[in-house]
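Along the sequence shown, residues carry numbers from 1.
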Amino acid sequence: MKKEELLKRIGSVEQIGGVRDVILNDGKAKDVRAIEINTGKLRLTVLPDRCMDIAQADYRGSAISWISKTGITAPQYYEKNGMEWLRGFYGGLVTTCGLKNIGGPREDIGLHGRIANTPAEKVSVFSDWIGDDYVMKVSGEMREAVVFGENLVLKRTITTKLFSDEFTLEDTIVNLGFEEEGIALCYHCNFGYPLVTEGAKIVNVPSDVADITAPIHGKTEECIGVDYADSVVTVGIENDEMAAFITYDRANLPDFLIWKMLGESEYVVGLEPRTTNLGGQRIVDESAQVMVKPFEEYKTFLKFTVKEK
C-alpha cells in the first residue's frame with residue numbers, strides 16, 4: 001500500500017509498527033536501553049547497551065530467538081574470566097563475539113571476547129518515509145580500546161521497513177590505532193522454540209546434522225563446522241509453519257558453525273557465520289586472526305528473512 005493510501009487509514013504509524021526507545025527496569029536488566037523495531041510482521045529488540053545486539057525477535061507474535069535462563073543482563077554484570085561470560089549470555093537472535101577473541105578463553109581474554117558487553121556510543125534512530133517506504137534504521141558505535149593497545153571501533157546499522165519480513169545488519173570495524181591489529185569475529189545467531197521444535201530442520205547443511213529433535217535429558221552441546229563453496233550463503237531453520245534464514249557474504253565471513261544444543265531448558269540452534277574455525281589461544285598461536293592495518297576498515301553484511309509456509 002502506498003503512503004497516501006495507508007495514511008488515509010491510520011493516524012500514526014505507531015498503530016501498526018514503528019520504533020520505540022525504552023529503558024528496561026527490572027532485575028539484572030535494570031537500566032538497559034532497548035530499541036524496539038516493529039515492521040508489523042517482525043518485532044526486534046535491539047540493545048544499545050549490549051553492542052547493538054538483538055535480544056528478542058518474533059514474527060507475527062511467534063518467537064524466533066532463544067533467550068537463555070540468565071535473561072537480559074546489563075553490561076556491568078560482565079564476568080571476563082574463563083567461561084564466566086556465560087553468566088551474562090542471554091542468547092538473543094544475535095550476540096556478537098570478538099573483537100580480539102572468539103571461542104574458548106585465551107590469555108586474559110575470556111570466552112568469546114568483550115564486545116558483546118560493550119555499550120554503544122553515538123546511537124541514532126531513524127524512522128520516516130522515504131517515498132512510499134517507511135524506513136526504520138538504528139545505528140551505533142562500540143569501541144574496544146586499551147591504553148598501550150588496540151583502538152578498534154565497530155560501527156553497526158540495522159535497517160528494515162514497514163511491512164517487511166526481513167532486515168539487514170551491516171558492520172564496519174575500523175582500526176583507529178597506528179599498529180596493525182588482529183581481530184576475530186563471530187555472529188552467534190540463536191534460534192529457539194517454537195521455530196526450533198521437534199521435526200524442524202536446519203536448511204542448507206549436510207543431511208546428517210539437519211534434524212532437530214525434541215529436548216533430550218542430559219544432552220550436551222554439539223559444534224559442527226560446515227564448509228561452503230558459494231560466495232553468498234543462505235542457511236536457516238524451517239518447520240511446518242515458518243522458516244527463518246540468514247544470508248551472508250563469505251568474503252569477510254569465510255567460516256560457519258552450527259551450535260546445536262537440544263537439551264532441556266537449553267534448547268537452541270545457533271547458526272554462526274565467523275571469520276575463522278579456530279578459537280581461544282589457537283587463534284593467535286596459528287595466526288588465524290584477520291589483520292587490519294591502521295585506519296583500515298573491515299566490513300560484514302547479514303540479511304535475516306522470516307517466512308510463513
Side-chain angles (χ1 to χ4, degrees), residues 19-38 42-58 61-106 108-123 125 138-146 154 156 158 169 171 185-196 215 221 259 261 263-272:
V19 180
R20 184 169 63 165
D21 199 336
V22 301
I23 300 294
L24 305 182
N25 196 41
D26 198 31
K28 288 188 175 181
K30 185 175 175 61
D31 295 329
V32 171
R33 183 180 179 184
I35 299 174
E36 298 179 351
I37 304 172
N38 180 11
L42 276 171
R43 189 186 299 265
L44 310 171
T45 300
V46 180
L47 302 180
D49 289 345
R50 292 290 305 268
C51 190
M52 301 292 294
D53 280 339
I54 300 170
Q56 286 90 352
D58 63 68
S62 185
I64 303 166
S65 62
W66 171 70
I67 302 296
S68 81
K69 64 184 68 169
T70 74
I72 293 170
T73 61
Q76 60 263 33
Y77 295 104
Y78 172 47
E79 298 187 36
K80 74 177 182 64
N81 295 325
M83 303 294 286
E84 293 299 295
W85 180 88
L86 293 170
R87 294 192 175 275
F89 177 42
Y90 60 83
L93 185 63
V94 179
T95 290
T96 309
C97 305
L99 295 173
K100 300 298 286 185
N101 185 47
I102 62 175
R106 78 167 181 87
D108 63 337
I109 305 175
L111 177 69
H112 284 320
R114 298 183 175 91
I115 197 65
N117 286 275
T118 302
E121 309 167 6
K122 301 178 184 177
V123 177
V125 178
V138 297
S139 60
E141 298 182 6
M142 286 64 63
R143 184 181 297 269
E144 188 164 313
V146 61
L154 169 59
R156 172 164 296 173
I158 297 168
L169 187 155
D171 281 349
L185 182 64
C186 169
Y187 294 94
H188 212 300
C189 304
N190 310 289
F191 296 89
Y193 179 83
L195 174 64
V196 173
E221 65 180 352
W259 178 52
M261 181 60 229
E264 295 168 324
S265 181
E266 273 88 33
Y267 187 61
V268 52
V269 174
L271 305 178
E272 304 181 21

Legend entry - Sidechain-backbone polar pair: Asn190 side chain, His188 backbone, donor-acceptor under 3.5 Å: yes
Inset, instruction - Answer yes or no: is there a side-chain heavy-atom contact under 4.5 Å between Arg156 and Thr96? - result: yes
Inset, instruction - For residues Arg106 and Lys100, determine if any side-chain heavy atom of one lies less than 4.5 Å from a side-chain heavy atom of the other. - result: yes
Inset, instruction - Check Asp53, Asp171, Thr95 against Tyr187 for a side-chain contact (heavy atoms from CB on, under 4.5 Å) and give me the one that passes. - result: Asp171
Legend entry - Any side-chain heavy-atom pair of Arg50 and Tyr90 under 4.5 Å: yes
Legend entry - Crowding at OH, Tyr193 (>12 non-hydrogen neighbours, <6.0 Å): no
Legend entry - side chain to side chain contact (heavy atoms under 4.5 Å, CB included) between Trp259 and Leu271, intermediate numbers included: CA-CA 6 Å; Trp259 178 52; Leu271 305 178; over 6 Å; no
Inset, instruction - Decide yes or no on side chain to side chain contact (heavy atoms under 4.5 Å, CB included) for Leu154 and Thr118, but give the supporting numbers first. - result: CA-CA 10 Å; Leu154 169 59; Thr118 302; over 6 Å; no
Inset, instruction - Keeping the roles fixed (side chain from Ser65, backbone from Ala57), state whether a donor-acceptor pair exists under 3.5 Å. - result: yes
Inset, instruction - Might you work through the side chain to side chain contact (heavy atoms under 4.5 Å, CB included) test for Glu266 and Lys69, ending with a clear yes or no? - result: CA-CA 8 Å; Glu266 273 88 33; Lys69 64 184 68 169; 2.7 Å; yes
Inset, instruction - Taking atom CZ of Arg33 as the centre, report whether more than 12 heavy atoms of other residues, nucleotides or ligands fall under 6.0 Å from it. - result: yes
Legend entry - Donor-acceptor under 3.5 Å (Thr73 side chain, Lys28 main chain): no
Legend entry - Under 3.5 Å donor-acceptor, Asn101 side chain and Gly104 backbone: yes
Inset, instruction - Look at the side chain of Arg114 and the backbone N and O of Glu144, then say whether any donor-acceptor pair between them is shorter than 3.5 Å. - result: no
